[in-house]
Undergrad: 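Sharing a structure with you now.
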Amino acid sequence: MANNRRMSGKKGAQVGSGGQRRRGLEGKGPTPPAEARKGHAKQRAAAAKVRRAQGRPPQRKGGGRSTSELVVGRNPVFEALRDGVPATMLYVQQFIDNDERVREALQLAAERGNIHLMEAPRPELDRMTNGLNHQGLVLQVPPYEYAHPEDLPAAAYDKGEDPLIVALDGVTDPRNLGAVVRSVSAFGGHGVVVPERRSAGMSAGAWKSSAGAAARTPVARATNLTRTLEQYKKAGITVVGLAADGEAEVGDLAALSGPVVIVVGSEGKGLSRLVGETCDHRVRIPMPGGAESLNAGVAAGVVLYEASRRRS
C-alpha cells in the first residue's frame with residue numbers, strides 16, 4: 001500500500017509561502033536619484049563633499065604603487081632632472097671626471113632642493129645598476145602613487161564636470177603613455193587608466209614624455225580593465241573605443257559631449273577582443289592621407305580635442 005502511494009505521483013500537503021510571493025510582486029517605489037544610490041559615481045562625489053565639509057580626508061582605496069627606478073648615465077640623468085622627473089637621490093661616483101654634463105646635473109639637483117646627493121665608489125654603483133654603463137651618475141626615481149579608477153570620475157563630478165577619461169589597452173611604450181597624459185591635461189581631461197599587467201607604467205620615460213603634465217593629471221591602475229570599463233558603464237559613463245573598422249566617425253559621435261571614457265588600443269593590434277566587446281561605441285578617425293593607424297598619443301589627442309570642442 002505504501003509503495004502504491006509513492007508511485008501514484010500525487011502531491012501531499014505543502015507549506016504555503018505565507019504571503020511572501022505576493023509581497024515580492026509588489027513595487028519597491030521610484031528609483032532613487034544617482035546621489036542616493038550606493039556605489040554610483042555621483043554618490044561617491046557627494047560623499048567626498050561631505051567629508052571635506054567635516055574636515056576629514058577622503059577615503060581612497062588606492063591603485064597601488066610602482067617600484068622605484070634608477071636612471072643611469074650622464075645624459076639620461078641630466079635630461080630627467082631637466083624635464084622634472086621626480087627624484088629622491090642622486091648618486092655621484094667618487095673622484096668622477098667633473099665635465100660640463102656632470103656639473104649641470106649637480107646644479108639642477110641642487111636647485112630642486114629635495115634631492116639628496118650621495119657620493120659612492122664605482123663598485124657600489126656597478127652593483128646598484130647591475131653593471132650598466134652609468135658613467136658615474138645614478139638618479140633614483142621614487143615609486144609612482146597610482147590613483148584608483150573610481151577616483152577619476154568622482155573628482156570630475158566634484159568639480160561639476162562630466163568625466164573625460166582615457167583608458168589604454170595594450171599600450172606598452174611609456175613614451176606613448178606620457179604623450180596621452182599630456183593630451184589629457186591639455187584638453188581638460190580627468191585622468192588616464194592603465195591595466196596592471198602588459199601595459200606601460202609611469203616610469204621616468206613616461207614622466208619625460210608628459211612634459212610635466214604627469215604632476216597634475218592622475219594615472220589610475222586597473223587590476224582588470226574590462227571589469228573597470230563595465231563599472232564605468234554602470235555609473236552612467238559611455239565607453240568609446242577607437243578602432244580602424246569602427247561603425248561611426250569620431251566627429252559624428254554625440255556621446256563625446258557627456259561623461260565618457262575613450263579607450264585606445266595598441267598601434268599594431270588595436271583593442272583586445274573583450275575590451276572591444278565592452279565598448280558602447282566603436283569609432284574610427286578618418287585619415288584621408290591613407291595612413292593605416294596612429295600611435296596612441298596622437299589618436300587620443302584627436303578624440304580629446306573633439307570632446308573638448310563639444311564641451312566648450
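Sequential numbering from 1 along the given sequence is applied to the chain's residues.
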Undergrad: Can you list the steps and then say if Ile115 with Leu81 is a side-chain contact (heavy atoms from CB on, under 4.5 Å)?
TA: CA-CA 10 Å; Ile115 300 177; Leu81 290 169; 3.6 Å; yes
Undergrad: For residues Val192 and Leu168, determine if any side-chain heavy atom of one lies less than 4.5 Å from a side-chain heavy atom of the other.
TA: yes
Undergrad: Evaluate whether atom CZ of Arg227 has more than 12 neighbouring non-hydrogen atoms of other residues, nucleotides or ligands under 6.0 angstrom away.
TA: no
Undergrad: Please check if the side chain of Ser210 supplies one atom and the backbone of Trp207 the other of a donor-acceptor pair under 3.5 Å.
TA: yes
Undergrad: Can a salt bridge be assigned to the pair Lys233 and Glu230 using a cut-off of 4.0 Å between side-chain N and carboxylate O?
TA: no
Undergrad: Report yes if some heavy atom in the side chain of His134 is under 4.5 Å from a heavy atom in the side chain of Asp126; otherwise report no.
TA: yes
Undergrad: Okay, side chain of Asp280, backbone of Val239: is any donor-acceptor separation there less than 3.5 Å?
TA: yes
Undergrad: Okay, side chain of Ser209, backbone of Ala206: is any donor-acceptor separation there less than 3.5 Å?
TA: no
Undergrad: Under a single-linkage definition using a 4.5 Å side-chain heavy-atom cutoff for Ile, Leu, Val, Met, Phe, Trp and Tyr, are Val261 and Leu225 assigned to the same hydrophobic cluster?
TA: yes
Undergrad: Should Val171 and Val166 be regarded as members of a common hydrophobic cluster, given that ILVMFWY residues are connected when their side-chain heavy atoms come within less than 4.5 Å of each other, either directly or indirectly?
TA: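 Same cluster.
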Undergrad: Rounded to the nearest 0.5 Å, how far does NE2 of His116 lie from OG1 of Thr88?
TA: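 Answer for the OG1-NE2 pair, Thr88 versus His116, is 7.5 Å.
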Undergrad: Donor-acceptor check, side chain of Arg311 to backbone of Asp162, threshold 3.5 angstrom: yes or no?
TA: yes
Undergrad: CG/Leu242 to CG/Leu294 distance, rounded to the nearest 0.5 angstrom?
TA: 9.5 Å
Undergrad: Looking at Val184 and Gly191, what are the two nearest heavy atoms and their distance?
TA: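 That closest heavy-atom pairing would be CG1-N, 3.7 Å.
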Undergrad: If we only count heavy atoms from C-beta on, is the Pro163 to Leu152 side-chain gap below 4.5 Å?
TA: no
Undergrad: Is His190 reaching over with its side chain to a backbone N or O of Leu164, donor-acceptor style, under 3.5 angstrom?
TA: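 It does hold such a pair.
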Undergrad: Pick from Val264, Val263, Leu256: which one makes a side chain to side chain contact (heavy atoms under 4.5 Å, CB included) with Val303?
TA: Leu256
Undergrad: Mind checking the CE-CD spacing from Met128 to Gln140? Nearest 0.5 Å is all I need.
TA: 6.5 Å
Undergrad: Of all the heavy-atom pairs spanning Glu249 and Pro286, show the shortest one and how long it is.
TA: OE1-CG, 3.7 Å
Undergrad: Return the minimal non-hydrogen interatomic distance between Thr129 and Leu132, and the atom names on each side.
TA: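 That closest heavy-atom pairing would be O-CG, 3.1 Å.
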Undergrad: About how many Å separate OG1 of Thr278 and CG of Leu229, when rounded to the nearest 0.5 Å?
TA: 6.0 Å
Undergrad: If you look at every heavy atom in Gly170 and Ser266, which pair is closest and at what distance?
TA: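 Smallest heavy-atom distance, with atoms named: O-CB, 3.3 Å.
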Undergrad: CD of Gln93 to CD of Gln135: how many Å apart, nearest 0.5 Å?
TA: 10.5 Å
Undergrad: Does a side-chain N-to-carboxylate-O contact under 4.0 Å join Arg101 and Glu104?
TA: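 Yes, Arg101 and Glu104 are salt-bridged.
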Undergrad: Under a 4.5 Å side-chain heavy-atom rule over Ile, Leu, Val, Met, Phe, Trp and Tyr, are Tyr91 and Ile96 clustered together?
TA: no
Undergrad: Are the side chain of Arg182 and the backbone of Ala211 linked by a donor-acceptor contact shorter than 3.5 Å?
TA: no
Undergrad: Which heavy-atom pair separates Val193 from Ala222 by the least distance, and what is that distance?
TA: CG1-CB, 4.0 Å
Undergrad: Within the 4.5 Å heavy-atom criterion, are Asp97 and Arg74 side-chain neighbours or not?
TA: yes
Undergrad: Determine yes or no for a side-chain-to-main-chain donor-acceptor pair under 3.5 angstrom, with Arg310 supplying the side chain and Gly251 the backbone.
TA: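 Yes, because the side chain of Arg310 sits within donor-acceptor range (under 3.5 Å) of the backbone of Gly251.
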Undergrad: Is there a donor-acceptor pair closer than 3.5 Å between any side-chain N or O of Tyr232 and the backbone N or O of Ile165?
TA: no
Undergrad: Between Val71 and Ala80, which heavy-atom pair has the shortest distance, and what is it?
TA: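 Scanning both residues completely, I find the closest heavy atoms to be CG1-CB, 4.4 Å.
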Undergrad: So that I can tick it off, tell me whether Glu277 and Arg273 are bridged by a salt bridge, with the cut-off set at under 4.0 angstrom between side-chain N and carboxylate O.
TA: yes
Undergrad: For the pair Asp83 (side chain) and Val85 (backbone), establish whether a donor and an acceptor sit closer than 3.5 Å, ignoring hydrogens and angles.
TA: no
Undergrad: List the steps and the verdict of side-chain contact (heavy atoms from CB on, under 4.5 Å) for Asn295 and Arg175.
TA: CA-CA 11 Å; Asn295 67 38; Arg175 293 170 298 181; over 6 Å; no
Undergrad: With hydrophobic residues grouped by side-chain heavy-atom distances under 4.5 Å, do Met118 and Val102 end up in a single group?
TA: no
Undergrad: Does the side chain of Ser272 come under 3.5 Å of the side chain of Asp169 through a donor N or O and an acceptor N or O?
TA: yes
Undergrad: Output, in order, the C-alpha distance, side-chain angles, deciding distance and verdict of side-chain contact (heavy atoms from CB on, under 4.5 Å) for Val180 and Leu304.
TA: CA-CA 10 Å; Val180 170; Leu304 285 165; 5.6 Å; no
Undergrad: In the single-linkage hydrophobic clustering (I, L, V, M, F, W, Y; side-chain heavy atoms under 4.5 Å), do Val141 and Leu70 co-cluster?
TA: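 In one cluster with Val141: Leu70, no.
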Undergrad: Strictly below 4.0 Å, N to O, side chains only: are Arg103 and Glu100 in salt-bridge contact?
TA: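 A salt bridge is absent here (no side-chain N lies under 4.0 Å from a carboxylate O).
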Undergrad: Taking atom CG of Leu137 and atom CG of Asn75, what is their separation to the nearest 0.5 Å?
TA: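 These two atoms lie 10.0 Å from each other.
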Undergrad: Does the side chain of Asp151 come within less than 4.5 Å of Pro218's, by heavy atoms?
TA: no
Undergrad: Is a donor on one side and an acceptor on the other found under 3.5 Å between the side chain of Tyr146 and the backbone of Met202?
TA: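 Pair found, side chain donor or acceptor close to backbone of Met202.
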